[in-house]
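See below for the structure under consideration.
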Amino acid sequence: QLQLVESGGGLVQPGGSLRLSCAASGFTLDNYAINWFRQAPGKEREGVSCISSSDGSTYYADSVKGRFTISRDNAKNTVYLQMNSLKPEDTAVYYCAAVIQTYYYCSPYVRKGGYDMTYWGKGTLVTVSS
């Protein structure tokens with residue numbers, strides 16, 4: 001069975017940090033771009049970050065650049081999203097998604113909003129509040 005499972009969400013105070021995990025099951029991440037998206041209630045899905053299968057290069061939306069870091073551990077078949085300096089506006093359900101990479105860089109997938117992903121996780125809720 002092919003699936004992605006997110007974990008690591010929770011409640012954190014503004015300025016705090018969380019580390020999200022995206023674990024792949026039934027397939028390896030070797031040939032996939034892995035993307036993070038988020039969606040708050042009543043708002044459109046927003047691309048957050050991605051890491052390429054080709055060379056491991058990364059991309060970040062302007063809203064999270066300098067605060068979030070995406071990384072991959074091939075031995076664990078897992079992608080991580082380290083989130084620092086969290087703001088209330090970061091509150092959302094965070095989803096990881098995978099797609100066989102046809103672009104050299106993964107940034108186009110984030111900019112498109114994730115409509116062309118092959119596999120989706122079910123999401124993990126991040127709440128940033130005092």
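Throughout, residue positions are numbered sequentially from 1 according to the sequence presented.
Within a 6.0 Å radius of CZ in Phe27, other residues, nucleotides and ligands contribute more than 12 heavy atoms. Shown here is Glu89, whose CD atom has more than 12 heavy atoms of other residues, nucleotides or ligands within 6.0 Å.
Applying the ring pair (Phe, Tyr, Trp, His ring centres under 6.0 Å) test to Tyr95 and every residue at least two apart in sequence or in another chain returns nothing. When the side-chain contact (heavy atoms from CB on, under 4.5 Å) test is applied to Pro108, the partners found at least two apart in sequence or on another chain are Tyr103. Partners of Tyr94 by ring pair (Phe, Tyr, Trp, His ring centres under 6.0 Å), not counting sequence neighbours: none found. Scanning for ring pair (Phe, Tyr, Trp, His ring centres under 6.0 Å) contacts around Tyr104 gives an empty result, with sequence neighbours left out. With sequence neighbours excluded, the residues satisfying side chain to side chain donor-acceptor pair (under 3.5 Å) with Ser52 are Ser57, Gln101. Among residues two or more places apart in sequence or in another chain, the side chain to side chain donor-acceptor pair (under 3.5 Å) test is passed with Lys76 by none. The side-chain contact (heavy atoms from CB on, under 4.5 Å) search around Ser129 returns Leu11, Thr127, not counting sequence neighbours.
What you find for Thr124 and Gly8 is that their closest heavy atoms are OG1-N, 4.2 Å. Heavy-atom minimum distance, Ser63 versus Arg38: OG-NH2, 3.6 Å.
Within the 3.5 Å criterion, the main-chain N or O of Tyr60 finds no donor-acceptor partner in the side chain of Ser49. Side-chain atoms of Arg45 come within 3.5 Å of backbone atoms of Gly113 as a donor-acceptor pair (strictly under, hydrogens ignored). Side-chain atoms of Gln39 never come within 3.5 Å of backbone atoms of Ala92 as a donor-acceptor pair (strictly under, hydrogens ignored). Between the side chain of Asn77 and the main chain of Ala23, no donor-acceptor pair closer than 3.5 Å is present.
To the nearest 0.5 Å, atoms CG (Asp90) and CD (Glu46) are separated by 8.5 Å.
Sorted by first then second residue, the disulfide bond (SG atoms under 2.5 Å apart) pairs that include residues 100-130, not counting sequence neighbours, are Cys50-Cys106. Screening residues 33-59 for ring pair (Phe, Tyr, Trp, His ring centres under 6.0 Å) gives Phe37-Trp120 as the qualifying pairs, with residues at least two apart or on separate chains. Under the disulfide bond (SG atoms under 2.5 Å apart) criterion, the residue pairs touching residues 1-38 are Cys22-Cys96, with sequence neighbours excluded. Evaluation of the side-chain hydrogen bond (donor to acceptor under 3.5 Å, both in side chains) test over residues 20-31, restricted to residues two or more places apart or in two chains, returns none.
Taking hydrophobic clusters as Ile, Leu, Val, Met, Phe, Trp and Tyr residues chained together by side-chain heavy-atom distances below 4.5 Å, Ile51 shares a cluster with Val48. Ile100 and Met117 fall into different hydrophobic clusters, defined by Ile, Leu, Val, Met, Phe, Trp and Tyr side-chain heavy atoms under 4.5 Å apart, directly or through other members.
Residues Tyr105 and Val110 fail the side-chain proximity criterion, which asks for heavy atoms closer than 4.5 Å. Within the 4.5 Å cutoff, no side-chain heavy atoms of Ile70 are placed close to those of Phe68. Residues Glu6 and Leu4 fail the side-chain proximity criterion, which asks for heavy atoms closer than 4.5 Å.
Between Lys65 and Asp62 there is a salt bridge, since a side-chain N of the basic residue sits under 4.0 Å from a carboxylate O of the acidic one.
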Is there a side chain to side chain contact (heavy atoms under 4.5 Å, CB included) between Val99 and Asn35 once you walk through the steps?
CA-CA 8 Å; Val99 63; Asn35 304 259; 4.2 Å; yes
Take Leu20 and Val126 through the test side chain to side chain contact (heavy atoms under 4.5 Å, CB included) and record every step on the way to the result.
CA-CA 9 Å; Leu20 305 184; Val126 172; 4.0 Å; yes
Using atom types as modelled, flag every donor-acceptor pair under 3.5 Å from a side chain in residues 79-86 to any protein atom, sequence neighbours excluded.
{"unit_1": "Gln82", "atom_1": "NE2", "unit_2": "Asn84", "atom_2": "OD1", "d": "3.0"}
{"unit_1": "Asn84", "atom_1": "OD1", "unit_2": "Ser17", "atom_2": "OG", "d": "2.8"}

